[in-house]
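Below is one structure; the comments refer to it alone.
Excluded from the calculations below are hydrogen atoms, water molecules and symmetry mates; all remaining heavy atoms, backbone and side chain alike, are included.
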Amino acid sequence: MEGMWKKAKKALGVGLCAHLPAVAGDREDGASERRASDAFSQDYVALAAAHTSAPNTPVQAEAGALRRCKSGAKSSKKTCAICFDSMKPGHGQALFTAECSHMFHFHCISSSVKHGNYVCPVCRAKWKEIPFNRSLSSIIPCGRSGLNVNQARLPQQDAYMALLRQVPNRQRETAALHTCEPVEFNDDEPLQQMEAPHSCDVRSSRTVEMKAYPEFSAIPQSSSPDDFAVLIHLKAPCGNPEKVTSRMVNATSVGYPTSRAPVDLVTVLDVSGSMAGTKLALLKRAMGFVIQHLGPSDRLSVIAFSSTARRLFHLRRMSHSGRQQALQAVNSLGAGGGTNIADALKKAAKVIEDRSYKNSVCSIILLSDGQDTYNISSNVRGTRPDYRSLVPSSILNHTVGIVPVHGFGFGADHDSDALHTIAEASGGTFSFIEDEGVIQDAFAQCIGGLLSVVVQDMRLTVECAHTGVKLRSIKSGSYLSKVAGDGRNGSIDVGHLYADEERDFLLSMSFPQSREQITLLKVALSYRDPVTNEGIKVQGDEVKILRPKSPTSEPVCMEVDRERNRVRAADSIEAARAAAERGVLSDAVAILEECRRILSESYSSKNGDRLCMALDAELREMQERMANRQRYEASGRAYLLSGLSSHSWQRATTRGDSTGSSTIVYSYQTPSMVQMLQRSQNHCPSPQAPRPQIIVPTRSFMQKPQPR
């Protein structure tokens, strides 16, 4: 009888094609190649599903229902109801126990679920928790439109494939299981030793440019202005975009020369339940791009958080093997749970604080699509939540900008106030990713800057030269500035600059009547070169004013007028935001409208200044996003805060669904950012209309209209 029963099972299984094809893990030979070429990430397949017809439901699960074991529960626990093979622990196959207590081979049930079967093959109970076969996922990018995964790949995608094919099978299967964390995060990988560049060559190409522009070059002898403007303009040394944005850094040997500062980067990624599906797929792809573009001297650690936070791997150099392991760890992520931003940042700060070795540049990238429901309470009406409590004390106690947290708000439900506060408190920027399809572009723009830091610990000092000259105020945005009580000197802590970045600071001066030329200011800079660790000092030219007997018809300095317009626009955005938070959107719109009117009447605007045009376009966009309360809550607040962050730090952020400078909105992009952004857009072209060629919007570009 027993022999006949085995024959019947075998015949029934063959007739109904019950045995599934071999899957990863069934055989050792060729498993890695099968996974890399055939097993794209399930999350990316989910993207493609929107553009392809759903596959026919296989008969395996239905057949399993027909082949229920008639010997009762005892027999069903010994054999899989789908393939009818034995289910004995320790035989090299994972087992899955459903909510209804029925057990199956994991690869059998996950394949059944993948093809649309969400009920138990035995009792037909509907499941709330669906099993996935995570070993099938990989970080292989696809087009943003989610086209068929079998389409031709770009060369950069082949690079991903090559990396993943070289990841050993056992490492890939067990990476997600290593959840134990040490008490101290001092297990970071040692730094890569690099050849010191020739200091004379570096020094000559790494000097910050500094210029001073008085509002007028001449003031009548009888005048004694008390609000005379002087603009201090700084421009960082140029970088080498090709070095920064090399697609794949192949140098793996110790002692290779470098022309940029290596980075310690910690990415803090929201994997709460709301990130499931397309969002998580796009996040994995964006992280794959980041990993691919870090070099062997850069180090990366990843913190994933939902209700709690966990470190996926220690601070690791992005060598060839390091990138493989990082891709594997990111690829293992799944979505579920709540949102605990404070716990995630605390763990990220611990990675930074406990490290045994330190690269010269350090930063944290935080992405979230939700609101912290564990640490922020909004029960008390009329009170503003204490968002600064989300920032670890170790970061707050640092000088602002030493460990900047660059926040990225994803989608319409993120807490833009919280992310903006975190970024502002740490010296980072806040970006608003309205269109989930541009998340990779947003990350690309950010790391394009981080990989091009050429100045650190910069401090600008000004000293009044003439005894009667007083320094009244300094317009420095979010940069810490001080004016001495007697008005004789002042300072601005600028911190770090990316290659080719520019900074403008507006000083207000007063000085007495005089019959002779008067020297207003002496300006000086001090900073550190992050590559050579050399301290550099730059002495600027003295700012002098002629004192003619009679008034002159000299126009206001264009540079000063442009900066006044930029500062006025930033102040208006802040005022409009305050009005909007009070619930008076009409007042907010009116504030922005008044600013637009003043800008249009300015000297620079009448002379066709591009910056004025960009500011007007930005203010108009903000007015549109304040049309009603619903739109303001959905995108207006985040758009305003991203704009404020950009203007206060004079640094590029992502706003709305645009990361390209093809938009007229002024974006502060640097050549290194643009080069990295172009690589991102060439890597995975957007399904939207092709973007115009990117133009770097430098201040010189903005100064006057370009010939057609």
Output yes when [X] and [Y] qualify as a salt bridge under the 4.0 Å nitrogen-oxygen rule, no when they do not.
X      : Y      : value
Arg566 : Asp504 : no
Lys350 : Glu181 : no
Arg655 : Glu618 : yes

Ser274 side chain to Ser272 side chain, donor-acceptor N/O pair below 3.5 angstrom:
yes
Thr429-Thr653 side chain donor-acceptor pair, cut-off 3.5 Å:
no
Side-chain touch Leu367/Ile439, heavy atoms, less than 4.5 angstrom
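Leu367 vs Ile439: side chains touch.
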List for me each residue that meets side chain to side chain donor-acceptor pair (under 3.5 Å) alongside Ser426, sequence neighbours excluded, and say none if there are none.
none
Strictly distance-based, threshold 3.5 Å: is any side-chain N or O of Asp372 a donor or acceptor partner for the main-chain N or O of Tyr374?
yes
Which of parallel (below 30°), tilted (30 to 60°) and perpendicular (above 60°) describes Phe432 and His414?
tilted
Please step through salt bridge (Lys or Arg N to Asp or Glu O under 4.0 Å) for the pair Arg317 and Glu189, ending with a clear verdict.
CA-CA 6 Å; Arg317 286 198 301 110; Glu189 187 172 357; 3.6 Å; yes
Before giving the answer on side-chain hydrogen bond (donor to acceptor under 3.5 Å, both in side chains), spell out for Asp298 and Asn359 the whole-Å C-alpha distance, their side-chain angles and the decisive distance to 0.1 Å.
CA-CA 8 Å; Asp298 302 312; Asn359 270 326; 5.5 Å; no
Heavy-atom nearest pair, Phe430 first then Gly409, reads CE1-N, 3.8 Å
